[in-house]
There are 2 protein chains.
Amino acid sequence: MSGVFKALSDPTRREILGLLRDRDMTAGEIAEQFEISKPAISKHLDLLKEAELVSVEKKGLYRIYSINLTVLQDTLSGFLDLFEKENEE
Amino acid sequence: MSGVFKALSDPTRREILGLLRDRDMTAGEIAEQFEISKPAISKHLDLLKEAELVSVEKKGLYRIYSINLTVLQDTLSGFLDLFEKENEE
DNA sequence: TATTTATTTAACCAATTAGTTAAATATAAT
DNA sequence: ATTATATTTAACTAATTGGTTAAATAAATA
């Protein structure tokens, strides 16, 4: 839970998720979209993976990243549910 | 946006929001619920205030904190909307 | 006016973060 | 077997985080 919010607290990582919403991408394709270095992107991807917000598949030389939409949606909407009027004991 | 996710990435701060969901509380009442020092809680509250997730009202010696439910809900559900199937351009 | 009370601010510390460049790894192609 | 390519890991740095204790502030009370 903390991991998901931590991951989402960085604008670069949110942007990566936005890219992956549209299609799966290799690490290099993702890195191309940003000004920062590839190792920096690699670390962002690692953090997103840690939070289980993305998955990776090895394909030859490439790593193909994809978003785990359900993790994102379930975590956030699950958290939001805690603050619904209905939930008042 | 980053501020909200950053604020939510800490379990103590999420717990504070959980307390405030039930009722407004003074800084001291909030601090009582945790093991850590009052200044530490004060800083957490400040960060929540920065993210506009809580508001404070001065009342004599006390500061009364309340949750800004709509900010929490609008931010998270607004972000979630970006990842809905319908949003595909 | 002096004291107590609630809270914040200041100064500090260790751990973490987000970036860098350089080196390592692993697969593909010549 | 060598070289090129995609990506990660390592080593480093500056800034931020989450905690501490001590001092400052501000309102209430004696």
Side-chain angles (χ1 to χ4, degrees), chain A residues 1-20 22-68 72 75 79, chain B residues 1-20 22-68 72 75 79:
Chain A
M1 174 112 233
S2 287
V4 170
F5 284 121
K6 179 79 62 74
L8 295 176
S9 73
D10 182 88
T12 298
R13 289 191 291 266
R14 288 198 304 275
E15 225 179 305
I16 290 173
L17 291 177
L19 292 169
L20 294 177
D22 295 333
R23 63 180 182 87
D24 295 354
M25 296 174 83
T26 68
E29 286 175 323
I30 294 168
E32 275 174 13
Q33 307 299 312
F34 299 89
E35 304 270 86
I36 63 181
S37 68
K38 280 172 194 182
I41 293 294
S42 187
K43 282 208 289 185
H44 282 306
L45 288 170
D46 199 51
L47 216 145
L48 287 166
K49 201 171 51 191
E50 277 304 303
E52 295 182 274
L53 287 168
V54 305
S55 304
V56 213
E57 199 201 336
K58 234 181 203 167
K59 189 105 185 195
L61 264 182
Y62 304 88
R63 253 81 150 196
I64 300 174
Y65 284 85
S66 53
I67 191 172
N68 292 157
L72 177 63
T75 305
F79 179 73
Chain B
M1 175 111 231
S2 286
V4 170
F5 284 121
K6 180 79 62 73
L8 295 176
S9 72
D10 182 88
T12 299
R13 288 191 293 267
R14 289 198 303 276
E15 225 179 305
I16 290 174
L17 291 176
L19 291 169
L20 294 177
D22 294 332
R23 63 179 182 86
D24 295 353
M25 295 173 84
T26 68
E29 286 175 325
I30 294 168
E32 275 174 14
Q33 308 300 311
F34 299 90
E35 303 271 85
I36 64 182
S37 68
K38 279 172 195 183
I41 293 294
S42 187
K43 283 207 289 185
H44 282 306
L45 288 169
D46 200 51
L47 216 144
L48 287 166
K49 201 171 51 190
E50 278 304 303
E52 294 180 274
L53 288 169
V54 305
S55 304
V56 212
E57 199 201 337
K58 234 180 204 168
K59 191 105 185 193
L61 264 183
Y62 303 89
R63 252 81 149 197
I64 299 174
Y65 284 85
S66 54
I67 191 171
N68 292 157
L72 178 63
T75 305
F79 179 73

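Chain letters run A, B, ... following the sequence lines, proteins first and then strands; every chain starts at 1.
Among all heavy-atom pairs drawn from B/P11 and B/S9, the shortest one is CD-O, 3.8 Å. Heavy atoms only, all atoms of each residue included: B/A7 and B/L53 are closest at CB-CD1, 3.8 Å. In this structure, B/S66 and B/L20 approach most closely via the heavy-atom pair C-CD1, 4.3 Å.
Computed from coordinates, the A/L61 CG to C/dA28 P distance equals 6 Å when rounded to whole Å. The nearest whole Å value for the distance from the CD1 atom in B/I41 to the P atom in C/dT7 is 12 Å.
Every residue meeting the ring-ring contact (aromatic ring centres under 6.0 Å, His included) condition with B/F79, not counting sequence neighbours, appears here in chain and number order: B/F5, B/F83. Evaluation of the side chain to side chain donor-acceptor pair (under 3.5 Å) rule for A/N68 yields A/S55 as partners, not counting sequence neighbours. Contacts of A/Y65 classified as ring-ring contact (aromatic ring centres under 6.0 Å, His included), with partners at least two apart in sequence or in another chain: none.
Mapping heavy-atom proximity under 4.0 Å, the span of DNA chain D touched by chain A runs 5' to 3' from D/dT5 to D/dT9.
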Nucleotide by nucleotide, 5' to 3', does protein get under 4.0 Å of the base (B), only the sugar-phosphate (S), or neither (-) in nucleotides 16-21 of chain C, counting heavy atoms? -SBBBB

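Take the nearest nucleotide of DNA chain D for B/K58 and for A/I64: the residue whose nucleotide is more 5' is A/I64.
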Just list the side-chain donor-acceptor pairs under 3.5 Å for residues 29-48 of chain A, sequence neighbours left out, or say none.
unit_1 : atom_1 : unit_2 : atom_2 : d
A/E29  : OE1    : A/T26  : N      : 2.9
A/S37  : OG     : A/A40  : N      : 3.3
A/H44  : ND1    : A/R13  : NH1    : 3.0
A/D46  : OD1    : A/K49  : NZ     : 3.4

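Side chains of B/I67 and B/L19 form no contact here, defined as non-hydrogen atoms less than 4.5 Å apart.
Residue contacts for B/Y65: at a heavy-atom cut-off of 4.0 Å it reaches the sugar-phosphate backbone alone, with no base atom in range.
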